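Every number for a ligand or one of its atoms is a count from 1 in the order of the listing. It should be emphasised that the depicted structure is a prediction, and the values quoted were computed from it without experimental measurement. The first residue of the sequence shown is numbered 1, and numbering continues consecutively from there.
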Amino acid sequence: MSTSTSDVKRVAVVATGVIGASWAAYFLARGLDVDATDPSPGAEERLRAAVAQHWPTLERFGLAEGASLDRLRFHARLEDAVAPADFVQENGPERMDIKADLFRRMDAAARPHVILASSSSGLAISGVQAQCRHPERVVLGHPFNPPHLIPLVEVVGGEHTSADAVARTMAFYAAIGKRPIHVRREVKGHIANRLQAALWREAFHLVDQGVASVADIDTAIAHGPGLRWAVMGPFMNLHLSGGAGGIAHVLDHLGGPIEDWWHDLGAPSMTPELKKSVAAGVADELGTRRTADLEATRDILLMDLIRAKASAGTLQ
Ligand SMILES: NC(=O)c1ccc[n+]([C@@H]2O[C@H](COP(=O)([O-])OP(=O)(O)OC[C@H]3O[C@@H](n4cnc5c(N)ncnc54)[C@H](O)[C@@H]3O)[C@@H](O)[C@H]2O)c1
């Protein structure tokens, strides 16, 4: 994996729960200095334990030159973590009042040109930046869990974010081996979660209608289109379905039927009955397997897949 070529050498990680600790481990593995902060009692010990747990995985991916756990510093005061930073990644609780206050303090402590990025899954960055003196450098940098493994980061600017801040954020993430995308407008759930939600909606609808079992729906994705989607996205897959005629041919040929399916898709409600059916279906599918074992298998396969994709130079 590439070494950072951006100007960022020192990153502040503000709030070090699940996502903050994973980001901290990733930044360290890319050879950066990390200044972390979190107000909860025992946060430093938990952070160091989580980073140590992620480290062997990151070593397998390959550490950047100079990468070291010794470059992690923990500060009780947010201001002390943020003041020397070249880039700030915030990972506090998903509440607008807390985020807005954190950004007000980060904005006051950071040098004026330093990017302040929020990991928020669902809050509008325009609200987060509202109390900042330099709102133009506030962006959303939404990772996919776990950030130390999954390359995607969704970058969104708010009402007052500058185009330069978005460009610098994209460049930083790309320089440390991430795959940033620019979400050009603030929409609920950004891009990837909306796409997942679209699939879940129909999966829940099919269970609700008794069309197939939970296990068969999982099989349909995990042993069918999911394999292709892990290689390339939905549009490129569609293009490849068209043979020599490519996307234009597919849309001429299958555009009508696809639209018919759209009109037939369901819009289920998350009723107590539906939740119960899905939970029962998952229990059947799990059988005697342990969730922790499945998680471990998933992570090994994910790592192999990410590595295989990185070495296949022809992929986008
Ligand atoms: N968990 C996910 O799958 C996921 C994925 C992508 C993005 N995110 C986003 O990342 C952010 C963090 O989520 P998480 O899952 O790591 O949550 P978490 O609960 O694991 O961590 C939150 C951290 O914030 C700290 N905290 C509590 N009050 C605080 C305050 N007033 N100021 C600063 N820190 C405070 C807590 O001590 C804790 O360490 C959220 O915005 C979430 O939407 C989560």
Is any side-chain heavy atom of Lys178 closer than 4.5 Å to one of Leu152? no
Pair Ser22, His148: side-chain N/O donor-acceptor within cut-off below 3.5 Å: yes
Listed by chain and number, what are the salt bridge (Lys or Arg N to Asp or Glu O under 4.0 Å) partners of Arg307, not counting sequence neighbours? Asp304
Which one of Asp33, Asp86, Asp35 satisfies the side-chain hydrogen bond (donor to acceptor under 3.5 Å, both in side chains) criterion with Arg10? Asp35
Give every pair made of an N or O atom of ligand 1 and a protein N or O atom lying under 3.5 Å apart, one pair per line with both atom names and the distance to 0.1 Å, or write 'none'.
residue	atom	partner	partner atom	Å
ligand 1	8 (N)	Ser121	OG	3.1
ligand 1	16 (O)	Val18	N	3.3
ligand 1	16 (O)	Ile19	N	2.9
ligand 1	20 (O)	Val18	N	3.0
ligand 1	37 (O)	Asp38	OD1	2.7
ligand 1	37 (O)	Asp38	OD2	3.3
ligand 1	37 (O)	Ser40	OG	2.4
ligand 1	39 (O)	Gly17	N	3.2
ligand 1	39 (O)	Asp38	OD2	2.6
ligand 1	41 (O)	Gly92	O	3.4
ligand 1	41 (O)	Glu94	OE1	2.6
ligand 1	41 (O)	Lys99	NZ	2.7
ligand 1	43 (O)	Glu94	OE1	2.8
ligand 1	43 (O)	Ser121	N	3.1
ligand 1	43 (O)	Ser121	OG	2.8

Is the closest side-chain donor-acceptor distance between Glu154 and His190 under 3.5 Å? no
Do Tyr173 and Trp23 make the cut of ring centroids closer than 6.0 angstrom? yes
